Number of protein chains: 2
Amino acid sequence: MTNQYYLDTSKFLVAADCIIFGFRDKELHILLTRRPVEPEAGEWSLMGGFVSENESLEDAAKKVLFDYTQQRGIYMEQVNAYGEIDRDSGGRVISVAFYALVRLEEFDTTLAQKFDARWTNIKELPQLVFDHNKMVHDALTLLRFKVSMQPIIFKFFDEKFTLPALQDLYEAIYQHPIDKRNFRKKLASMNILDKLDEKETVSSKRGAFYYTFSEEKYMEYLASGKYFSL
Amino acid sequence: MTNQYYLDTSKFLVAADCIIFGFRDKELHILLTRRPVEPEAGEWSLMGGFVSENESLEDAAKKVLFDYTQQRGIYMEQVNAYGEIDRDSGGRVISVAFYALVRLEEFDTTLAQKFDARWTNIKELPQLVFDHNKMVHDALTLLRFKVSMQPIIFKFFDEKFTLPALQDLYEAIYQHPIDKRNFRKKLASMNILDKLDEKETVSSKRGAFYYTFSEEKYMEYLASGKYFSL
DNA sequence: ACAAAAGTGTTCACACTACACCCATGG
DNA sequence: CCATGGGTGTAGTGTGAACACTTTTGT
């Protein structure tokens, strides 16, 4: 099967590292763990794993995500491949980073303890092993771009959400405040949300209406020739 | 040196494939070659090579670029890693794609013959081996985005260029016509170009003034708080 | 003189920004 | 009744889009 031409060349360990984003306490967080093996055992690290023979890069990343979150169907996107010779002090490893957006409402906190993992506010990011800080930085840059171009922000929520929460998330991602009226005006003009009768009454006395993202309305929006832009 | 933990895992061939963009005849072109080895020998392919033990991914891509163009300091950027199990019918290969922008004025055409390479209009792209068509598609998407956000379009030119040529290039990248006056107005408002006294008189009788991109003016532009956007 | 490409301003529509007050409710 | 967060409209400014004619020069 494998061609002769392919045999005389170096082979490499390949890892998939995941920047797992979640939204909590009006701030964007990422899931970090204490690295379980040498070198740099015990230091903060992204979730990762080696790619094995019978899986694609995406499969490997999905496996990592499932192991640490027990969620399936997580939104995931490749960030970049990292291939400096000495990026991993334990040996030559080429790593492909993926970012993922998880619904924190569904997150099983017992998992966190099992893996010595912690949700960390992106504003208080510690020093991470190897080039993981760079990976997070690149992932954030990509996330900011993607959020502005595609309706992926809704993947942070478990189905329904309130407009104040959506705005808080948006502000957490971009790290700057935006005007409430302008934000809502823009969303209204897109007409891609369904307003529910239900209210969320935990974070305020008056309560904020829940909304859901409507795939159908979004399709109509696209069909009308417009492009999503937030 | 290499830790025990790293030893029990699969290793992979890793390739660097380059989408080399150039501008000619008012159209965007990419450099393709006839694949020299089985499988799919003789079919159209991107330029690529395997990564070796003592080089980073970027180094491998730079080597490929130098081999095929003899130019140094080519602008290059990573597109994505491709890791489907059966993407290469010759064996399991993980490939990292890079796009590059070359100055066609400096291109040595004898090289093309040596490698059985050809500049191909992106509008007439043939079927390529493996997933190379997808790589080109992804590279084009990224190029379009980057061109709109950073002044990399000037890397297509050897120092000086005319405004009509710049506009032609811009239209070739985005595949749609733009208004001449609006285009020039926008460039003028940015004030990042230096007008030369010299004219280019090959493509018109009247002649078009040459311009150069001014790094200093660009720095001032950024310092004024504005962001490049074309 | 004419063909072929270079160069140049104005108007209009729309989108983005800034901005302040009333509402509903629980304690 | 008051503190807390939810919800709403308007006016001004700036940016992008549409649009046509004059200039230069080689043949």
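So that the names make sense, note that chain A is the first sequence line, chain B the second, and so on, each numbered from 1. Treat the numbers as computed from the prediction; the structure is a model and nothing was measured.
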* Mapping B:Lys205 and B:Tyr211 to their closest nucleotides on DNA chain C, which lands nearer the 5' end? -> B:Lys205
* Nearest heavy atoms of A:Val202 and A:Glu200, plus distance in Å -> CB-OE2, 3.3 Å
* Asked: Does a sphere of radius 6.0 Å around NZ in A:Lys199 hold more than 12 heavy atoms from other residues, nucleotides or ligands, not counting ones at 6.0 Å or beyond?
  -> yes
Between the protein and nucleotides 13-15 of chain D, are there any N/O to N/O pairs under 3.5 Å, and if so, what are the atom names and distances?
none

* Asked: Base, sugar-phosphate, or nothing: which does B:Ser203 touch, judged by heavy atoms less than 4.0 Å apart?
  -> sugar-phosphate
* To do: Decide yes or no on side chain to side chain donor-acceptor pair (under 3.5 Å) for B:Tyr82 and B:Asp138, but give the supporting numbers first.
  => CA-CA 11 Å; B:Tyr82 297 83; B:Asp138 293 348; 2.5 Å; yes
* To do: With the side chain of B:Ser204 defined as its heavy atoms from C-beta on, choose the nearest nucleotide among D:dT25, C:dA5, D:dG6.
  => C:dA5
* To do: Decide yes or no for B:Val147 and B:Leu230: does some side-chain heavy atom of the first lie under 4.5 Å from some side-chain heavy atom of the second?
  => no
* Asked: Residues two or more places apart in sequence or in another chain: which of them pass salt bridge (Lys or Arg N to Asp or Glu O under 4.0 Å) with A:Lys217?
  -> A:Asp194
* **For DNA chain C, the residues among residues 166-190 of chain A that have a non-hydrogen atom under 4.0 Å from it** => A:Asp179, A:Arg181, A:Asn182, A:Lys185, A:Lys186
* Between A:Leu101 and A:Leu143, is any pair of side-chain heavy atoms under 4.5 Å apart? -> yes
* **Presence of salt bridge, B:Asp59 and B:Lys63, under 4.0 angstrom** => no
* Kindly indicate whether the side chain of B:Ile122, heavy atoms from C-beta on, has any atom under 4.5 Å from the side chain of B:Gln175. => yes
